[in-house]
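Please read the structure below before turning to the comments.
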Number of protein chains: 2
Amino acid sequence: MTGNANTIGRPRAFDVDKALQKALEVFWEKGYEGTSLPDLTEAMGINKPSLYAAFGNKEQLFLKAIELYENRPCGFFQPALLQPTAYQMAEHLLFGAAISSSDPSNPKGCLMVQGALSCSDSANSVKQMLIEKRRSGELQLQQRLEKAQAEGDLAADADCAALACFLVVQLHGMSIQAASGATAERLQQVAVIALKAFAKAALQQTATADSAN
Amino acid sequence: MTGNANTIGRPRAFDVDKALQKALEVFWEKGYEGTSLPDLTEAMGINKPSLYAAFGNKEQLFLKAIELYENRPCGFFQPALLQPTAYQMAEHLLFGAAISSSDPSNPKGCLMVQGALSCSDSANSVKQMLIEKRRSGELQLQQRLEKAQAEGDLAADADCAALACFLVVQLHGMSIQAASGATAERLQQVAVIALKAFAKAALQQTATADSAN
DNA sequence: AAAGATACCTACCGAACGGTACATAAATAT
DNA sequence: ATATTTATGTACCGTTCGGTAGGTATCTTT
């Protein structure tokens, strides 16, 4: 899939995956609308026609960048859902976000949040698409919590939707703080506080063994 | 200050304060860069030369809109600092943010967050200015907590900086959720959970009477 | 070696951007 | 009445935006 080994016609002079990686970094840093075509071509080391031939247009390139983002930098999300208990999921989620969004080797914050939080009318489809991705993530979280509830891993009277929203608030709030310059240490302190709240709100009946203070 | 009663020259055909209010709404909805001059002039009911004569330029207009925003829609912040106890401050802050950022009579979310979260290089000064405003708010919060600590209203071993950061994470995270369509009810549920965390982290030694489950 | 396919590069497109010159209109001051 | 001052409205400025036409270079196929 990656190599363009045995194809007819003149071969590409650049690596599509590496170019996409560069595009991701720029979009992450400047957002969808804040990123210009020259920003992209310069970072990717190609010119505009090559970009359009390889990726379609700016919006489709952004979609592919988002896809890459979900698999790589934001890759802590899906594994967190697979943790054996709701508490461990929350733990992975919160510390994953704290570390990921302040990772010095990447732009600060979360692309799904700052990619197109507010924008002109012409970028509304991108904004809407990010909203839906965020809501989808929240829904997955909620469903994981409901599963935990069915398994007796979460208090029967806990409000899974509210708890999922609470967790997402932490993730997005921490990403804003990271974008404002917060350190990984500070965000981890916040994660510790939030985790106590989660434990208290989620485990009030079952009184699970580990965790909580 | 508002009226232009007895001045020489042709009088303004529009109300500066109302025009600024309209500009605030547009910036709030679309962000600094997402808002175009035609967006502004149409909403304000004036044309470009009038806008430039009255407000300077787009950036200065944005600064005045931010100022108005801090006094009006985001007006729950400063009063919260004046609450008698740290817990009550947190309470006012969290519920204020929950209600304010989802207020159906205004654009969703927080202008200080989504006004210029990520942007092109040319808007970097605006982005930086919002970052500093957010950090300043966090610092005020931290200082209020330190005061509470000095008054014995907060556990002596509580980390005021971490707690302030935690509270700001809630405010900003809730504003993202509001921008994604979360209801006031849902955000208030989140505020309840966060408040429990605050109580647990802040009052662990003093074991204050009220609050906390 | 010729033909066909694909990529690269320069140079350009119309539209929208933020911002302004300049003439006209409406008020006060003398 | 006239001069002065300020606001309005139109029409424009140079720049940048996302996107593309068309010629040239480099590969495979036959």
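Throughout, protein chains are lettered first and strands after them, A, B, ... in sequence-line order, and every chain is numbered starting at 1.
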Table of protein N/O atoms under 3.5 Å from nucleotides 1-6 of chain C N/O atoms:
unit_1, atom_1, unit_2, atom_2, d
C:dT6, O2, A:Arg10, N, 3.3

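Looking at heavy atoms from C-beta onward, B:Ser118 lies out of side-chain contact with A:Phe27 at the 4.5 angstrom threshold. In this structure, the side chains of A:Thr35 and A:Glu29 stay at 4.5 Å or more apart for every pair of heavy atoms. At least one side-chain heavy atom of B:Phe95 sits less than 4.5 Å from a side-chain heavy atom of B:Val192. Between A:Val26 and A:Glu42 the shortest side-chain heavy-atom distance does not fall below 4.5 Å. No side-chain heavy atom of B:Arg144 sits less than 4.5 Å from a side-chain heavy atom of B:Leu82.
In this structure, the CG atom of B:Leu40 is 17 Å from the P atom of C:dA16, given to the nearest Å.
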All N/O donor-acceptor pairs, side-chain side in residues 104-111 of chain B, below 3.5 Å, sequence neighbours left out:
unit_1, atom_1, unit_2, atom_2, d
B:Ser105, OG, B:Asp103, OD1, 2.8
B:Ser105, OG, B:Asp103, OD2, 3.2
B:Lys108, NZ, B:Asp103, O, 3.4

Which side-chain N or O atoms in residues 44-52 of chain B pair as donor and acceptor under 3.5 Å with protein atoms at least two apart or in another chain?
unit_1, atom_1, unit_2, atom_2, d
B:Asn47, OD1, B:Ser50, OG, 3.0

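In this pair, A:Phe55 and A:Phe14 present their aromatic rings tilted. The plane angle is within the 30 to 60° band.
Near DNA chain D, defined here as any heavy-atom distance below 4.0 Å, the residues from residues 19-39 of chain A are A:Thr35, A:Ser36, A:Leu37, A:Pro38, listed numerically. Of the residues in residues 44-59 of chain B, B:Asn47, B:Pro49, B:Ser50 come within less than 4.0 Å of DNA chain D through at least one heavy atom, sorted by number. If you check residues 61-69 of chain B against DNA chain C, you find no residue with a heavy atom closer than 4.0 Å. Listed by residue number, the members of residues 115-126 of chain A with any heavy atom below 4.0 angstrom from DNA chain D form an empty set.
Of the possible donor and acceptor atoms, one in the side chain of A:Arg134 sits under 3.5 Å from a partner among the backbone N and O of A:Met112.
A:Glu151 is linked by a salt bridge (Lys or Arg N to Asp or Glu O under 4.0 Å) to A:Lys147, counting only residues two or more places apart in sequence or in another chain. With sequence neighbours excluded, the residues satisfying side chain to side chain contact (heavy atoms under 4.5 Å, CB included) with A:Glu59 are A:Tyr32, A:Asn57, A:Ser125, A:Val126. Scanning for salt bridge (Lys or Arg N to Asp or Glu O under 4.0 Å) contacts around A:Asp39 gives A:Lys30, with sequence neighbours left out.
No hydrogens or angles considered: nothing links the side chains of B:Glu91 and B:Gln83 as a donor-acceptor pair under 3.5 Å. For the residue pair A:Glu138/A:Gln142, the side-chain donor-acceptor check at 3.5 Å is not satisfied. B:Ser120 and B:Glu33 form a side-chain donor-acceptor contact under 3.5 Å, judged by distance and modelled atom types alone.
Looking at every heavy atom in both residues, A:Phe166 comes nearest to B:Val190 through N-CG2, 3.7 Å.
For the salt bridge (charged side-chain N to carboxylate O under 4.0 Å, His left out) condition, the pairs that include at least one residue of residues 67-87 of chain B, sequence neighbours left out, are B:Glu70-B:Lys133.
Taking the screw axis at each terminus of the helix from C:dA1-D:dT30 to C:dT30-D:dA1 from five consecutive base pairs, the angle between the two is 0° to within rounding of 10 degrees.
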